[in-house]
Structures are given as structure tokens and as C-alpha cells.
Protein chains: 4
Amino acid sequence: MAMSESRENAPRRRQQRGIETQSALLEAAGRVFSRMEYDKAKLKDISDDAGISLGSLYFHFGNKDDVAAAVLDAQQERMTEVLSSVVETEGSSLGRLLDLLDGVAELISADALVQAGIRLVGSLPDELKDRGYGFYEEWQRVAETLIREGLEDGSVTTARQTPAELAELVNELFVGAQVLAGMKDGWQTLPERIRRIRPVLESVLAPSSAA
Amino acid sequence: MAMSESRENAPRRRQQRGIETQSALLEAAGRVFSRMEYDKAKLKDISDDAGISLGSLYFHFGNKDDVAAAVLDAQQERMTEVLSSVVETEGSSLGRLLDLLDGVAELISADALVQAGIRLVGSLPDELKDRGYGFYEEWQRVAETLIREGLEDGSVTTARQTPAELAELVNELFVGAQVLAGMKDGWQTLPERIRRIRPVLESVLAPSSAA
Amino acid sequence: MAMSESRENAPRRRQQRGIETQSALLEAAGRVFSRMEYDKAKLKDISDDAGISLGSLYFHFGNKDDVAAAVLDAQQERMTEVLSSVVETEGSSLGRLLDLLDGVAELISADALVQAGIRLVGSLPDELKDRGYGFYEEWQRVAETLIREGLEDGSVTTARQTPAELAELVNELFVGAQVLAGMKDGWQTLPERIRRIRPVLESVLAPSSAA
Amino acid sequence: MAMSESRENAPRRRQQRGIETQSALLEAAGRVFSRMEYDKAKLKDISDDAGISLGSLYFHFGNKDDVAAAVLDAQQERMTEVLSSVVETEGSSLGRLLDLLDGVAELISADALVQAGIRLVGSLPDELKDRGYGFYEEWQRVAETLIREGLEDGSVTTARQTPAELAELVNELFVGAQVLAGMKDGWQTLPERIRRIRPVLESVLAPSSAA
DNA sequence: AATGAATGAGCTTTCATTCAT
DNA sequence: AATGAATGAAAGCTCATTCAT
């Protein structure tokens, strides 16, 4: 069966092989960048981790920055995926917002490539910094939208801060938990930290229901 | 005795000059490390910034890691100074805790060496990581103590979380604000962010008084 | 099978080029180390002498010590070659022992890499010292064996010292001649010196025949 | 008593102090150079070993080469001392020659500064090399003289080599023993080695008496 | 005489990137 | 597509030497 495919699919197979190599390199990059700073990570480390030649890495990614950029892209893709899937869930806006935190925390604690993306944001050449920071802003916009919807559907009841301020607060808490979890145990306990934060956010965003 | 003094002073005078050089180098290191990652920062950058020879830098600090360690030590010293001075203030425990956040935020936004220390914690050789993280733990203990005292003096009234959990929460919020401020504008707006957080913490730690 | 060969040969062809480079570097290292002390010799000197980039030298040898180790290995290989070829010769044991001295003297006086090895033994980081000294011991064992055999085949007749002591004596004489020749004229006259030693050794090892 | 000397002797005392410092530095240099190669030995090692400032070392010796030269001079002085004292002894010329070897071996095995001198000869900047090698030649002339005298007084009886050749042989044997002892155990067993050589030399230089 | 401090040239080593096959 | 080999521009660090006191 493999033989019968050979003629026509040869080019496609070759393409296929290339894609596999590229993705193997990407995962390896995730593993390496999640373990060390951008500058400490050598491209040789990545190609070794993938068991693929350094030359090949350069064939698939132009240079070191491009490798980092690809990791960042993949990270944001995976985070956006969680974001979309949770946002489209049934339930109150507040519930979805809190579920979102849980979902992202879970993703971070489980996916080395996502962890790599997080580390990279903190130790990146200036040109790439914005790309990383941009995501925090996007994420904050999503939070703000959900809070606004919560005010409408009644799941958010506080009136003492603007939705933007509340979103910023949510963001700060999440980032703080994420940073401390990253420093302490490589994000293993991040989901737990987020779970402990949940009632606090509920009491802040919906103080009446907590009474 | 005048003669004997001249002998004893001789070495002391030398040390004096050395101390000045060393502290000039330390400030320069603060400036440089606050501008760039550990790996991107070259020791030549530091010695140039201080207007002192590279060899002299190596005379006073043994190697690059030691320079970073000295910056971390200086940072923690300065932060501990604020911490002590605020904690010994008059006023309720909760008030002092919140003033503490303000004080530290102010320090961070104003002192390049302290900013450098913060950056370094995130991008440091593994051997130095603990030293940096240790401070977060110490700081959290202080917060916990103040919360405990607050429960006694009545300034903290919540009973829904343990003091340890509340301290963790305060820590996460502060760290989150600090990280986002650092990314966004080099900590310029950190004090403002902390001011916005204040009422939230009051409502969480003393919900009754907020009613 | 023609196809499959092309695949297998590809890497082999590459290796070929690498091997040539490596051996060119090794010879250059021999030339340089035979001219100057280990510490005085700069790796740049070696790569320049070989007309190959410094980076390439580091590609093939990990660091300076490894270069020296490779030189030592090559030296010992060449000396062992002489040793084996002479030992397997026809003739009396004593004759072969003395021929051995001649052969090694000849090699030393002609081969820069071997001279380099000798120099290195005297000025080497401690980790490599043993490797150098080990050879002297091995060589002494060979001498001892030949002397033992000489006692059996009658070419060695003295009974006043043990074979081990006699071997030590031979070794000391050879080393002394080699060191002095090295100091005086870069080993040019070593073969001559060894030739002058020959009758002495004969009279010591076979006193009767000398009478 | 110290006080009563103070006025007039002040300058002399100062001189005295300088001499002590200088000799302390020289001994320290001996210790350091006997442990490591010229290039590996740092002047800081020497001044530290002496417990005297680096600046002071530069005051007493102009530069690194001068320190080495001073060590070499001191070594040769001490060796010459042994040489003179043994040569002026009663006894046959051959006996004095062999005693000389013993004496020098004893000195080498006991005196770090002398060991340092020996090491230095093998790892020295070219300008100083001759000074080191010169001593071997001088020493060989002494041996030759003694052998000549031995031929006259009857203690040396061989006629198969010229006195010069015999002296060379003695030198080679001694140097070989010394080099191997240095490599093996830091010259601890050199006297023993020389003792083992003694009968051999007797049989070579005075074959009849050995019969 | 003596010392702590300062200097800078020089060396080893690393590593992103390119090349040849 | 893939690979081993090659390159060279830094960067960290050392250390002989000099300086100021």
C-alpha cells in the first residue's frame, strides 16, 4: 500500500515530511524555551532536543527570532482556542469569565509550548516584545466584554468600578498568580491558585450574591 | 596618637575610594540591568556607564553573576527599608499594609536599581533564582502578619479566608500589577495601579466597613 | 542498491572532509606545541598555522585541553607503532631493546607532533599529566619484558640488578638524553646521543660480552 | 632593647625589614613555582602565599621574569654550595663525584626553591632559558674534571670513552632520574633513585674494581 | 617600603548563521 | 529537505603591570 502511493504522492509526501519536521522542531523549541531564557537557549539545544539537524532548523525557520515568533504564535493560538471555546459556553457571563481563567490556567500548567510563550514574553528582543504584550491587552478586552455582559445579564452586580477597571483587576490577579506559580513550581500549582482566587473575584464582581 | 592615627587611616582612606567606585559601579549596574535582560547586558556596558574600567568592575565583583547578586542584595535592602519604615508607622494594621503597597510601588517606580532587581529575578541563572524568589516569600510573611494583627485590632474583618490565603492574594495582586506596569511603561504607572487596587483590597479584607 | 548506497555515502563523504580538516589541525597543533609552551601557545596560532578558522578548531576539539589531549594521543600512537614494529623484529632481545631506543630517538628527532607531545607532558594541566606519565611506565614495562627475555636467550647476562631495576635504568638514561637533547637543540642530536649510550648499556646489561 | 636601637638604626632597620620581605617573597615564589608552571603561576599567588601585598612584590622585583630569574639564581647558588662543599671533601675523585650526585639529589628533594628552579628551566620565556641551561653545562664540566682527576688518581679506570663523554653520560643519567622522580612524586624518591644508580656508575667508570 | 585600587590588552570560548553536498 | 562542517564576531574573564597614597 505504501508502494502504490509512491508515484503521485511523492511531492505531497515530501511536503508532509517537511511539516512533520517543522512541528517536531516547534515542540522542541517549546520544551527548550520553557526551560530557559531566550538568550540561554541555544538553537543547537532545540535541534538536539528534536533529534533533527541544526541546518534543518534553519531551513524551516529563518533565524532565532523567527523560532521564538513561531512559538509565540502557537502559544497564542492555543490560548485563543481555549478562550473561544469557553466564551461560547452556556452560562452566566461571570461564570464564563471565571471558567476562562480556569481553562487558561489548566492549559498553561499542562503545555510546555504555552509555558515557553509566557517565558519568552519576559525575555525577548524588543522587536518581539509587542507581539507578546499584545496578547495581554487582547485578553483584557475579552474580560471587559464579559464583565459588561455580566452587568446586563445580572451576574455582575458591582457598580463601584468601571468594567475596564474591573477587567484590569482580573488581569492583574491572574498575571500575579501565573508569575508566582511560574517562579515557584513551573506552573504546576497554577490551577489551584486560580481556584483559590475564584471566590474573591465573585465577591468583588458580585458582592450582593456573596452576602 | 596623631602619628598612630595616620597609619590606621591610611588603609581606611583607600577603602573609602574603593567603596565609592564600587557603589558607582553598582548604580551603573542598576541602570543597565533595568534597561535590558541579564544576557543582553554586557559588563562593558556597565563599566562604560559608570565611566570605570572593566578590570575594576572585576576587581570589585568577581564575575557577572556576582554583579547581579549585588544588585539583588541592594534592591532587597532598599525594599526592606521601606517595609520597616512603613510597618513601624502609627495606624491600623490594614492601613499599614495598604500604605506598604503604596510605599513599595513608589520605590519601584522611582529607583532604577530596584527595577533592575525585579527584572533580574525573571531572567537569572538558576543559582540566583532562589535569592530573588525568597524575597517574595518574606514579603508575603509580612503581609500575613499584618493581616493577623488586623484581625485583632479590628481593621481586618473578613473570616472567609485564612490570613495566609489573604496574604497570598495581596501578593498576587501586587505582583500582577507590578509585572503589567513593568511591561507597559517601565513601572511609571505602578503607583497609580496600586492606588486603584486599594479599595478592592479594603472591600475584600474589611467587607463590613465597606457596606 | 545503487540508490541506497548514495544515501549511505552522503554522510560518509562529509565525514571525509571533516577528517581531513581535523588531521590538518592536529598537525598544526603539533607544530605549534613543539615550538612553545602550552600556555604560551594560543589556539589562534594553531588555527592560523593550519589555515583553518578558529571556530572550526573548536568544532573538532572542544577546548584547549582537548587539543593537547589529542596531540598526546597521537604522539603515543606513533611511539607505540615504533615500539611494536621494532619489538617484532628478528634478533636478540638486547638487540631489539637497543634498536628500540634508536627507533624512538629517530622518531622524536623527526616528528614535530611527537616532540609536541613530549613538551606537553612537562607543562600540562594536572588532569592530563597522568596520561603523559602513563606512557613512561608502559615503556618501562616493555623494556623490562625485553630484559627478561634477554636473560633467557642469553643476550642479557648481568645478574647484579633485577630486570625492573635495569629497565628503570634504561628509562632514566633515555629520558635524560631526550631531555638534554630537547633543551640543547630541539632533539636534532638525540639519535646521536642514543648511539653513544648504546655501548654503555651493552656493557651494563651484558658485561661478559664486553670483556 | 628594641627601643634603645631606634634612633640610629632606623634606616638600617628599614633596610633590614626590606630584606626580610624580599626573602619571604622569594621563598614564596619557590613554593609557588615548584607547584605550577611559570605561566600558570600568578604573581598574586606568590604575594598571597607570602602574605605580602602584590605591590610590594613589584617593589622588590621589577616584573614576573625578574622573580623567576631571582628564583633561578637562588637555586643555582644553593646547588653550587653543595657542589663546592662536596668537591672539597677528602676521598677519591670518583667517590666525590658520586657523593656529589647524592648531595644534589638530597638538596632537590628537600628544597622547594630548588625544585622551583628545576621546573622553571622547563617552562620559561626564551630569554631566561639559557640561564637555566647554562647550569647543566657548568655541572657537566665539573663532572668531567672529576673524571679526569679520577683517571689520574686511579679511581676511574675505564678507557673506552673520553672524559667528556663519560661526564655527559653521568649527566644524562642524573637528569633522567631527576625528571622521572619529579614527574612521579615531586622528587621525594630522587635520593633513592640516585642511590640505585651508584653501582652502575661505579661499574661503568671503574669496571675493574667491580670485577 | 608598602598597600589597595585601577587598568587594559589578550585569550578562551560560545553560538548564530552560512555553506557545500 | 536535510546534514555535517565551517565561520567569525562577540563576550566573559584573567592577570601583568601601574598608580596614588
Side-chain angles (χ1 to χ4, degrees), chain A residues 14-15 17-22 39-45 47 52-60 62-65 67, chain B residues 6-7 9-22 39-45 47 52-65 67, chain C residues 6-7 9-22 39-45 47 52-65 67, chain D residues 13-22 39-45 47 52-60 62-65 67:
Chain A
R14 222 176 282 150
Q15 241 177 277
R17 187 185 170 200
I19 288 168
E20 276 161 18
T21 301
Q22 181 157 358
D39 282 87
K40 282 271 190 295
K42 319 299 168 201
L43 291 188
K44 192 81 199 326
D45 294 339
S47 69
I52 290 167
S53 79
L54 181 57
S56 200
L57 194 160
Y58 269 91
F59 178 83
H60 287 285
N63 59 30
K64 194 176 180 182
D65 279 10
V67 176
Chain B
S6 77
R7 275 228 181 112
N9 282 352
R12 219 172 275 163
R13 230 183 289 131
R14 300 256 174 55
Q15 255 177 316
Q16 186 49 35
R17 188 190 172 195
I19 287 168
E20 275 158 22
T21 303
Q22 182 158 354
D39 282 87
K40 283 274 189 295
K42 312 305 164 198
L43 291 189
K44 193 78 200 330
D45 296 339
S47 69
I52 289 166
S53 80
L54 180 57
S56 199
L57 196 161
Y58 274 94
F59 177 81
H60 286 286
F61 308 88
N63 58 29
K64 193 175 179 183
D65 277 12
V67 176
Chain C
S6 77
R7 273 225 182 114
N9 280 353
R12 220 171 275 162
R13 230 182 290 134
R14 300 256 175 54
Q15 254 175 317
Q16 187 49 34
R17 187 187 172 198
I19 286 167
E20 276 158 22
T21 302
Q22 182 158 354
D39 283 87
K40 283 274 189 295
K42 310 306 162 197
L43 291 189
K44 191 80 202 325
D45 296 338
S47 68
I52 288 167
S53 80
L54 180 57
S56 200
L57 195 161
Y58 273 92
F59 178 80
H60 287 286
F61 309 87
N63 57 30
K64 195 176 179 182
D65 277 13
V67 176
Chain D
R13 240 209 271 118
R14 223 176 279 150
Q15 240 175 279
Q16 183 54 27
R17 185 185 172 199
I19 288 168
E20 277 161 18
T21 302
Q22 182 157 355
D39 282 270
K40 282 274 189 292
K42 317 302 165 198
L43 291 188
K44 192 79 201 327
D45 294 339
S47 70
I52 289 168
S53 79
L54 180 57
S56 199
L57 194 160
Y58 269 91
F59 179 82
H60 287 285
N63 58 30
K64 194 176 180 181
D65 277 11
V67 176

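Chain letters run A, B, ... following the sequence lines, proteins first, then strands; residues in each count from 1. Just so it is clear, the model here is predicted, and its values are computed rather than measured.
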- [ ] Hey, could you give me the OG/CD distance between S56(C) and Q22(C), rounded to the nearest 0.5 Å?
- [x]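 Answer rounded to 0.5 Å: 9.5 Å.
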Grab the [atom1]-[atom2] distance between [X] and [N] for me, whole Å please.
X: I19(B); N: dG4(E); atom1: CD1; atom2: C1'; answer: 12 Å
X: D39(B); N: dA16(E); atom1: CG; atom2: P; answer: 11 Å
X: K40(B); N: dA10(F); atom1: NZ; atom2: P; answer: 13 Å
X: N63(B); N: dC13(F); atom1: CG; atom2: C1'; answer: 9 Å
X: L57(D); N: dG4(E); atom1: CG; atom2: C1'; answer: 15 Å
X: L54(D); N: dT3(E); atom1: CG; atom2: C1'; answer: 10 Å
X: Y58(B); N: dT14(F); atom1: OH; atom2: C1'; answer: 9 Å
X: F61(C); N: dA6(F); atom1: CZ; atom2: P; answer: 11 Å

Open item on the list: Both F59(B) and K42(C) contact DNA chain E. Taking the nearest nucleotide for each, which residue is further toward the 5' end?
Closed with: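 The 5'-side residue here is F59(B).
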TODO: Between Q22(B) and S53(D), just flag the one whose closest nucleotide in DNA chain E comes earlier from the 5' side.
DONE: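 Mapping each residue to its closest nucleotide by heavy atoms, the 5'-most match is S53(D).
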- [ ] Please figure out whether L43(D) or K44(B) has its closest DNA chain F nucleotide nearer the 5' end.
- [x] K44(B)
TODO: Taking only the side-chain nitrogens and oxygens of H60(D), find out if one of them lies under 4.0 Å from OP1 or OP2 of dA2(E).
DONE: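 Affirmative; the distance criterion is met.
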Open item on the list: Is T21(D) close enough to dA1(E) that one of its side-chain N or O atoms is under 4.0 Å from OP1 or OP2 there?
Closed with: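 Checking T21(D) against dA1(E): no side-chain N or O falls below 4.0 Å of OP1 or OP2.
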Task: Nearest listed nucleotide, side chain of I52(A), among dT3(F), dA16(E), dT13(E) - done: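 Closest nucleotide among those given: dT3(F).
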Open item on the list: If you only use heavy atoms from C-beta on, which nucleotide in dC13(F), dA2(E), dA2(F) is closest to the side chain of S56(A)?
Closed with: dA2(F)
Task: Least distance between heavy atoms, L43(C) atom then Y58(C) atom - done: CD1-OH, 3.0 Å
Task: Flag, side chain of K40(D) to backbone of D39(C), donor-acceptor distance under 3.5 Å - done: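 No.
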TODO: Indicate yes or no: at least one non-hydrogen side-chain atom of I52(D) is less than 4.5 angstrom from one of L57(D).
DONE: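 Result no, sub-4.5 Å side-chain heavy-atom pair not found.
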TODO: Hunt down the Watson-Crick or G-U wobble partner of dT21(F), both distances under 3.5 Å, from any strand shown, or write none.
DONE: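 Partner of dT21(F): dA2(E).
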